[in-house]
Amino acid sequence: TIVGGILVYHVFFSTASSISSNSGIEVVSGELYTNPNILTLTVKNTGSTPITSIQGQITGLTASGSTTTAVFTIPSSSFSTGALSPGQSYAYTNSSLPGFSPVAGNQYTIVLTATGSNGATFTTSYTVTAQA
């Protein structure tokens with residue numbers, strides 16, 4: 001019984017430790033403009049592991065009611081040290097979203113998947129209203 005208790009204790013705290021060292025990302029602010037198409041985001045590493053890349057997808061409706069989607073990447077070369085360190089923020093601007101047709105006043109969902117230096121991934125979403 002004592003050995004079993006020690007084993008459970010060890011497994012629990014090992015798992016808790018690995019979870020707490022994972023990456024986390026938060027969108028601090030974001031804007032989407034329609035003419036021309038420009039996406040700006042400020043993201044912050046809220047985890048305890050450096051983030052080495054961020055994959056993004058933005059989705060919403062066009063004027064005709066069909067879905068428009070754009071995919072983008074924020075690579076490690078964007079960050080001054082090759083990674084976004086815990087607690088740091090990064091301002092991202094993308095003016096090249098080919099085939100993406102947002103409409104002023106419509107809402108668009110941005111899904112970001114961050115990859116930490118330990119290989120862990122964390123996903124968050126953010127909603128932005130397009131502006132003219």
Side-chain angles (χ1 to χ4, degrees):
T1 303
I2 292 172
V3 172
I6 292 171
L7 181 62
V8 169
Y9 175 86
H10 177 69
V11 169
F12 174 77
F13 282 101
S14 295
T15 303
S17 174
S18 68
I19 289 171
S20 68
S21 68
N22 285 336
S23 299
I25 190 166
E26 173 187 347
V27 178
V28 177
S29 65
E31 294 180 348
L32 175 64
Y33 299 96
T34 61
N35 193 13
N37 292 345
I38 298 173
L39 172 65
T40 64
L41 295 173
T42 299
V43 296
K44 181 177 182 178
N45 182 344
T46 58
S48 60
T49 302
I51 292 174
T52 55
S53 71
I54 302 170
Q55 304 294 318
Q57 179 174 323
I58 182 169
T59 306
L61 296 178
T62 64
S64 66
S66 61
T67 301
T68 185
T69 300
V71 177
F72 57 91
T73 299
I74 305 174
S76 60
S77 59
S78 299
F79 312 126
S80 61
T81 60
L84 186 61
S85 298
Q88 284 187 326
S89 295
Y90 177 74
Y92 171 76
T93 300
N94 188 326
S95 58
S96 175
L97 298 168
F100 186 69
S101 304
V103 176
N106 284 3
Q107 289 190 330
Y108 295 84
T109 302
I110 301 166
V111 177
L112 298 178
T113 302
T115 302
S117 60
N118 62 357
T121 59
F122 182 83
T123 302
T124 191
S125 63
Y126 184 79
T127 302
V128 64
T129 301
Q131 305 171 38

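Along the sequence shown, the residues carry numbers beginning at 1.
For the atom pair L32 CG and L97 CG, the distance stands at 7.5 Å (nearest 0.5 Å). In this structure, CG on L41 lies 7.5 Å from OG on S29, to the nearest 0.5 angstrom. For the atom pair I51 CD1 and S76 OG, the distance stands at 12.0 Å (nearest 0.5 Å). From I74, atom CD1 reaches atom OG1 of T115 across 11.5 Å, with rounding to the nearest 0.5 Å. Interatomic distance, N118 CG to S48 OG, rounded to the nearest 0.5 Å: 8.0 Å.
Judged as a side-chain contact (heavy atoms from CB on, under 4.5 Å), and not counting sequence neighbours, the contacts of A91 are T42. Residues passing the side-chain contact (heavy atoms from CB on, under 4.5 Å) test with T81 are S85, sequence neighbours excluded. Contacts of E31 classified as side-chain hydrogen bond (donor to acceptor under 3.5 Å, both in side chains), with partners at least two apart in sequence or in another chain: Y33. Residues passing the side-chain hydrogen bond (donor to acceptor under 3.5 Å, both in side chains) test with N94 are Y92, sequence neighbours excluded.
Applying the side-chain hydrogen bond (donor to acceptor under 3.5 Å, both in side chains) definition to pairs two or more places apart or across chains, those involving residues 123-132 are T113-T123.
Across all non-hydrogen atoms, the minimal contact from A83 to T52 is CB-CG2, 4.4 Å. The two residues T34 and A130 come nearest to each other via the heavy atoms CG2-CB, 3.8 Å. Contact detail for T46 and I25: the closest heavy-atom pair is OG1-N, 3.5 Å.
Counting heavy atoms from C-beta on, the side chains of Y90 and N45 never come closer than 4.5 Å. Side-chain contact check for L39 versus I110: some heavy-atom pair is nearer than 4.5 Å.
Y108 is not connected to I38 by any chain of hydrophobic side-chain contacts under 4.5 Å among Ile, Leu, Val, Met, Phe, Trp and Tyr, and they are in different clusters.
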Donor-acceptor pairs are to be reported for all side-chain atoms of residues 54-65 against protein atoms at under 3.5 Å, with residues two or more places apart or in another chain.
unit_1: Q55; atom_1: OE1; unit_2: T73; atom_2: OG1; d: 2.9
unit_1: Q57; atom_1: NE2; unit_2: T59; atom_2: OG1; d: 3.4
unit_1: T62; atom_1: OG1; unit_2: S64; atom_2: N; d: 3.4
unit_1: T62; atom_1: OG1; unit_2: S64; atom_2: OG; d: 3.1
unit_1: T62; atom_1: OG1; unit_2: S66; atom_2: N; d: 3.3
unit_1: T62; atom_1: OG1; unit_2: S66; atom_2: O; d: 3.3
unit_1: T62; atom_1: OG1; unit_2: S66; atom_2: OG; d: 2.9
unit_1: S64; atom_1: OG; unit_2: S66; atom_2: OG; d: 3.4

query: Could you go step by step and tell me if F72 and F100 meet the ring pair (Phe, Tyr, Trp, His ring centres under 6.0 Å) rule?
result: CA-CA 11 Å; F72 57 91; F100 186 69; 9.4 Å; no

